[in-house]
S.K.: 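Once you've had a glance at the structure underneath, I'll fire off some questions.
Here is the naming used below: chain letters follow the sequence lines, and residue numbers restart at 1 for every chain.
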Amino acid sequence: MLKYIIKRILMLIPVLIGVSIIVFLIMRVFSPDPAPIVLGQHATQQAAEAWRQANGLNDPIYLQYFHYLKGAITGDLGTSYYTKIPVTKEILTRFPATIELAIVAIVLASLFGILIGVISAVKKNSIFDNAGMLLALIGVSMPIFWLGILLIIFFSGLIHWFPSNGRINPLLEPIHVTGFYLIDSLMTGDMSAFKDALQHIILPASALAMYSMAIITRMTRSSMLDTLQQDYIRTARAKGIGEGRVIVRHALRNGLIPIITVIGLQLGSLLGGAVLTETVFSWPGIGAYTVACILKSDFPVVQGVVLLVATIFVLVNLLVDVIYAFLDPRIKYSGKEV
Amino acid sequence: MLLEVKNLSTEFKLKRGIVKAVDDISFTIDKGEILAIVGESGSGKSVTSLSIMGLLQKPGRIASGEILFKSQDLNKLSKNELKKIRGNHISMIFQEPMTSLNPVWRIKDQIMESIMTHMQISKKQALARTIEMLDTVGIPSAAQRANDYPHQMSGGMRQRVMTAMALACEPELLIADEPTTALDVTIQAQILELLYRMREKFNMAVLLITHDLGVVSEAADRVIVMYCGKIMEEAEVRSLFTRPLHPYTVGLLQSIPQIDDDSEKRLYMIKGMVPNPLNMPQGCPFSDRCDHSMERCSKEMPELKDISGHKVRCFLYQSESITCGGITATSASAGAKGCKKANSCEDSVFGHKAGFSLCEEAVEGGSGEK
C-alpha cells in the first residue's frame, strides 16, 4: 500500500510537467501582451519594450519555460506582474479561504446528498423519492450564481439571518494560525469570531454545495438501488436484524465506492476555486482572483495556480483510491501496476 | 407440529396483472423432519419459503392463509416480533453462496451479528460461539478462517459459513433454498451430509427447497411436488419414488438421465412449456402438457386427494369409478395411456434404475422388504 502511494505521488511529476507546458503555451499564445495592461495604455513603445525585456518575455519561448521550470523546482513561482508580491505568497493568502469554503460545501453536500439518496432508494417511487429527485434536478440545473443571488435576497435581504458577503467581520478576524478562520477561532477560543465566520460561510457554502449535493444524491440513489437488490441484503434481513442496520451497515457500506468517487471528483473541482460563488459572495478565494489574473495576463500567477490545482486534483484522487481499499477488502494495491 | 402452513396464497401485483405465485397451499413440518419441496423454476417453491420468512419484496404479498409456527401466525406478527423469530427460531440458507455473504465484512462479524442480535451474550462469548459453529460445519482452522473475507473462500466453504450463520442460534426450523444448486457434485454431497448431521445434532426441522430430485432422494423424509404454485403431489420420499402418481412427477422422474441408459436413446422430456403465469389455463395447470389429459382436465381443477397418506391432485385418482386410472412410468414413456383402476397403480413399477443410492433402496423398499 505504502509502495503504491509513493508510486502514485511520483507520478505527479510528469503530470505537473505536462500541465505546466500546456498552461505556459496557452498563456503565451492566447493571452494579450501584458505590457500595455501593466503599464497602462498610454505607455510608450520603449517603456513597454523595456518592461518585456526585464520580465524575460523577449526570450524564445522554450528558454522562458526553462527559466520558469528552474525557479519552480526551487519553489520560486515568480512574482505577480501587478502586485510584485511572490506568487506563492499571493496563493497562500487566498487559498485557505477556498479550501475552507470547499470543505464546508462538500461536507454539506455529502451529508444531505447521501441522506436524501438513501431515503430515495429505500422509499423508491414514493413521494420522498420524487421530492428528492426533483431537488436533485433543480440542483444540477440551477446556475450557482442565480441560486447565490436568491439566497442573498432571502436570507440576508429579507430575514437578515446571514451576512451576504465576505469571510468574516474584519473587526473580529482571529489570530492567524492556519488561515482557516473556523479552525483558528476555535484554536484561540475566540467564539464570537467562530460564530461570525460560520454565519459568513453558510450561504456561499450552501450555494456551492447544491450542485455537488445533487450529483451525490443521484449517485447514492442508484448505487443503493443496486446494493439493496443484492443477495447479501436478503441474508441480512433473514438474520433478523433491524432494517436500519440492514440499510446502513450492509447496503450503504457496499454502495459507498461510487459515492466516494463522486465526492472526490466534486471536492477536486471545488478546491480549484468556485469563481461564480466567490464573485457573488465577495469571497476572497483563489477562483475569482485567478480569473482576474487571466484577464490581466498575469502569467506567473495563473501558472502557479494551475499547477497547484493540478497537484490537489491528483492528491484528492489518490486519497479516494486509498479510501477504496479501506472500504472494500477485495481491493488491494500491490504497487506493481498503477 | 412445528410449522403448519394453511391455505397460503402469495401473489405479485404487476402492471400487466396479478401473478399467483403460490396458490392455496397447505402443508406441515414436524420437529426434526426434512420436508422437500420440488418443482421447476417458477413453481412457487422459493416464494413459499420467502413467505414463511416474511422476506417477500414488493410487489409480492401474502394474499391469504396462515403460517402457524408453534401455533403462532407469523403473518399476523409485527415487524419487530417477526425479527425476533427470524434468524433465531427460523433461519434460512440461500442458493447463491457466492453472493449471499456481505463482501465487505469478515465472516466472523457476519456470524457474530446474528448471534448478538438474538442472544444476550458478550462479544467474547459470541466470537467463541462463532468459531465453534465454523468448526462444527467443518471449516478447518476455524479460528483463523473466521478472520477471512468471503472472497477469500471457495463456494463450498461459503455455503458452510452460511450454514454456520443460520445454525448459530440453534433454530428449530431451517429453510434451505436450493442450498446445493450452485455447487459442484462432491461439495453438494458434503453440504447435504452436513445438513443431515446438523439435523441430528440440533433436532431441527428442515424445509429443503430444490429442483434436484437426486438431492430429494438423498435427504428428504417427505416430498411435496409443486407446479405453477400448486401442490400436485405429496408423499413420503420412498412412496414418491417407487410409485409416483401424478403424471407430472412421473415425467420429472423420467427426465433424469440414467447411468446405464442406452446412449442412443433420447432423454425423456415433458412436452410443452410451463404456462405463462399471467395467463394460466383453466383447470389443471399441467393439463396441456399431460399425456393423460382428459376433457375434464382443462375445465376443472382437481382436488388434492389423499390416497392412504399419498396425496395427489389429478383426476386420474379422483374416484374409483373413473376407468382410466393409475399410470405407470413405463406406460407413460411408451406414450400409451394405461387404462387401469386407480387402486391398481399399487402394482405399477417405477421404471427406472435410479442413479442415486437411496432411490435404489426405495425401489426395493417399494416391494415391502424394507
S.K.: Got more than 12 heavy atoms from elsewhere within 6.0 Å of CZ, F69(B)?
M.R.: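 Enclosed: over 12 neighbouring heavy atoms sit under 6.0 Å from CZ of F69(B).
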
S.K.: Can you measure from CG (N102(B)) to OG1 (T235(A)) and round to the nearest 0.5 angstrom?
M.R.: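 With rounding to 0.5 Å, CG (N102(B)) is 9.0 Å from OG1 (T235(A)).
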
S.K.: Measuring from atom CZ of R234(A) to atom CG of L50(B), what distance do you get when rounded to the nearest 0.5 angstrom?
M.R.: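 Output value for this atom pair is 6.0 Å.
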
S.K.: How about CD1 on I127(A), more than 12 heavy atoms from neighbouring residues, nucleotides or ligands closer than 6.0 Å, or not?
M.R.: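 No, CD1 of I127(A) has 12 or fewer neighbouring heavy atoms, counting only those of other groups under 6.0 Å.
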
S.K.: Does anything in residues 121-152 of chain B reach chain A? List residues with heavy atoms under 4.5 Å apart, or say none.
M.R.: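 Interface residues of residues 121-152 of chain B: Y149(B), H151(B).
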
S.K.: Please report the interatomic distance CD(Q110(B)) to CD1(I241(A)), rounded to the nearest 0.5 Å.
M.R.: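 Q110(B) atom CD to I241(A) atom CD1 measures 9.5 Å (nearest 0.5 Å).
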
S.K.: Over all heavy atoms of both residues, which pair between P103(B) and P329(A) is shortest? Give the atoms and the distance, please.
M.R.: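 In this case the closest contact between P103(B) and P329(A) is O-CG, 3.4 Å.
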
S.K.: Pick one of side chain, backbone, both or neither for M116(B), based on which atoms fall under 4.5 Å of a heavy atom in chain A.
M.R.: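 For M116(B), no heavy atom lies under 4.5 Å from chain A.
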
S.K.: Please check: side-chain N/O of K239(A) versus main-chain N/O of M165(B), any donor-acceptor pairing under 3.5 Å?
M.R.: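 Such a contact is absent between K239(A) side chain and M165(B) backbone.
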
S.K.: Determine whether R249(A) and E113(B) satisfy the following criterion, salt bridge (Lys or Arg N to Asp or Glu O under 4.0 Å), listing intermediate values before the conclusion.
M.R.: CA-CA 11 Å; R249(A) 212 180 122 94; E113(B) 187 179 37; 3.3 Å; yes

S.K.: Can you tell which part of L327(A) gets under 4.5 Å to a heavy atom of chain B, answering side chain, backbone, both or neither?
M.R.: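 The backbone, not the side chain.
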
S.K.: If you compare all heavy atoms of A238(A) against all heavy atoms of M92(B), which two are closest, and at what distance to 0.1 Å?
M.R.: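 Where A238(A) meets M92(B) most closely, the heavy atoms are CB-CB, 4.4 Å.
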
S.K.: Tell me, side chain or backbone of L101(B) under 4.5 Å from chain A's heavy atoms, or both, or neither?
M.R.: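 It is the backbone, since no side chain atom gets that close.
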
S.K.: Hey, which of R245(A), R237(A), Q230(A) has the most heavy atom pairs under 4.5 Å with chain B?
M.R.: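 Looking at each option in turn, the highest pair count goes to R237(A).
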
S.K.: Assess whether atom OH of Y211(A) is packed by more than 12 heavy atoms of other residues, nucleotides or ligands within 6.0 Å.
M.R.: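 Not buried by this count: 12 neighbours or fewer within 6.0 Å.
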
S.K.: Which answer fits S91(B), side chain, backbone, both or neither, if we ask what part of it has an atom under 4.5 Å from a heavy atom of chain A?
M.R.: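 Neither; nothing under 4.5 Å.
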
S.K.: Relative to chain A, which of L82(B), T99(B), I175(B), T117(B) shows the most heavy atom pairs under 4.5 Å?
M.R.: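 Between L82(B), T99(B), I175(B), T117(B), the count favours T99(B).
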
